[in-house]
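Each residue takes its place number in the sequence, starting with 1. From a predicted model like this one, the values you see are computed outputs, not experimental measurements.
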Amino acid sequence: MSQYPLIGFRGARTVVEVGSATFGGGGFPVIAGPCAVESIAQITETAEAVAGLGADLLRGGAFKPRTSPYTFQGLGEEGLSMLVEAGRRVGLGVVSEVLSPEDIPLVASSVDMIQIGSRNMTNFSLLKAVGKTNLPILLKRGYMSTVEETLLAAEHIAAKGNDRIILCERGIRAFDTSLRFTYDLAGALLLREQSRLPVIGDPSHATGCTHLVEPLAIASQAAGL
C-alpha cells in the first residue's frame with residue numbers, strides 16, 4: 001500500500017493544530033460538548049462547563065444525521081451560530097459536522113475543524129469536497145468499517161490536497177448489545193501504526209455509558225492516543 005501518501009508512511013508523523021490544541025504532538029487534547037445543539041442556554045452552559053474543566057475544543061452537532069427520520073435532526077444554521085457564539089465566548093475553538101457538500105461553505109466559514117461523522121465516512125463526494133478546504137478534518141471511523149477502509153477514506157480527503165486529518169475511533173458494531181458499540185482500541189492503534197495521522201478516541205459515542213468514558217479515555221492515553 002506504499003503508493004498512498006498517508007498509509008504505510010514511515011517519515012515524520014502529521015501534527016494537526018486546531019486553535020490552541022495540538023493533535024499528534026504528544027499531548028492529550030480533549031474535545032467536549034453535546035451531541036446536538038438544542039438551545040443557546042444549553043450550549044452556553046455546556047461551553048462554560050467544559051472550558052472550566054480544561055477542554056481544548058468545543059463540539060456540537062448543528063446538522064444531525066439520525067437513523068430515524070423522526071428523531072431531532074438538529075437546528076441547522078441557527079444551531080451552528082449558537083455553537084460558535086458559545087465557543088468564542090469562553091475562548092474555545094469549535095468543531096461541528098457537515099453532512100453535504102452544499103453545506104461546506106457555511107460550516108467552513110464558522111468552525112475551526114470540520115467533522116465527518118461515522119455515517120458519512122464512505123460518502124466519497126463529501127470526502128473529496130472537504131479535501132478542497134484548508135481546515136482540519138476530524139474523520140470518524142464508520143461503525144461497520146474496517147481499519148483499511150478508514151485509512152482509504154482519509155486518502156480520499158488527502159488526494160484533494162488536504163492532509164490535515166485526525167482519525168477518530170468511535171466504536172464499531174459487534175454481536176454484543178451490552179454497549180452501544182464496541183470501542184476498538186486495538187483498531188485505533190492499527191490506524192496510528194499504519195498511517196502518519198494522529199488518532200483519537202470517542203468513548204462516549206462508542207459505549208453510550210457515562211461511567212465508561214473516563215476509564216476508556218485513560219486507557220487511550222496509556223496506549224499513546
Side-chain angles (χ1 to χ4, degrees), residues 6-7 9-35 46-61 87 90-97 111-118 121 136-143 145-148 150-151 153-154 163-174 176 178-225:
L6 302 179
I7 303 174
F9 188 84
R10 292 292 177 260
R13 299 196 61 81
T14 299
V15 175
V16 180
E17 295 184 355
V18 187
S20 60
T22 300
F23 296 84
F28 193 71
V30 174
I31 305 170
C35 182
T46 302
E48 292 172 351
V50 300
L53 291 169
D56 298 278
L57 296 169
L58 175 69
R59 64 90 61 190
V90 297
L92 293 179
V94 296
V95 184
S96 198
E97 184 172 356
V111 305
D112 298 282
M113 179 160 63
I114 295 174
Q115 175 184 310
I116 300 294
S118 176
M121 194 206 81
I137 307 299
L138 176 61
L139 177 63
K140 289 196 168 187
R141 179 184 178 185
Y143 56 80
S145 299
T146 66
V147 167
E148 181 180 12
T150 306
L151 293 172
D163 67 349
R164 300 174 67 196
I165 304 165
I166 300 166
L167 301 177
C168 179
E169 164 58 41
R170 52 84 73 205
I172 56 175
R173 180 168 286 174
D176 191 349
S178 301
L179 300 171
R180 185 168 184 256
F181 294 102
T182 296
Y183 188 60
D184 186 10
L185 183 56
L189 293 177
L190 284 176
L191 288 173
R192 189 186 62 179
E193 179 183 288
Q194 295 179 10
S195 76
R196 59 178 171 89
L197 300 175
V199 181
I200 66 173
D202 182 353
S204 64
H205 277 90
T207 65
C209 295
T210 304
H211 68 282
L212 293 178
V213 171
E214 182 178 355
L216 286 176
I218 293 171
S220 301
Q221 186 178 33
L225 301 179

Would you mind reporting whether [Y] and [X] have side-chain heavy atoms less than 4.5 Å apart?
X: C209; Y: L179; result: yes
X: L189; Y: L225; result: yes
X: I116; Y: I137; result: yes
X: L53; Y: V30; result: no

For [Y], does its backbone N or O pair with a side-chain atom of [X] as donor and acceptor, under 3.5 Å?
X: T182; Y: G171; answer: no
X: R180; Y: H205; answer: yes
X: T207; Y: P203; answer: yes
X: R59; Y: V94; answer: no
X: R141; Y: L151; answer: no
X: E169; Y: D184; answer: yes
X: R13; Y: R192; answer: yes

Using a 3.5 Å cut-off and no angle test, enumerate the donor-acceptor pairs between side-chain atoms of residues 15-24 and protein atoms at least two apart in sequence or in another chain.
none

task: Given side-chain contact (heavy atoms from CB on, under 4.5 Å), test S118 with F181 step by step and report yes or no.
output: CA-CA 12 Å; S118 176; F181 294 102; over 6 Å; no
Measure the spacing between [atom1] of [X] and [atom2] of [Y] and express it to the nearest 0.5 Å.
X: S96; Y: D112; atom1: OG; atom2: CG; value: 11.0 Å
X: L191; Y: I200; atom1: CG; atom2: CD1; value: 11.5 Å
X: Q194; Y: L167; atom1: CD; atom2: CG; value: 11.0 Å
X: E48; Y: L58; atom1: CD; atom2: CG; value: 11.0 Å

Give the minimum heavy-atom separation between [X] and [Y], together with the two atoms involved.
X: R170; Y: Y143; result: NH1-CB, 3.8 Å
X: D163; Y: R196; result: OD2-NH2, 3.2 Å
X: L138; Y: C168; result: CD1-CB, 3.9 Å
X: L185; Y: A223; result: CD1-CB, 4.2 Å
X: T150; Y: S145; result: OG1-CB, 4.1 Å
X: A51; Y: L92; result: CB-CD1, 3.9 Å

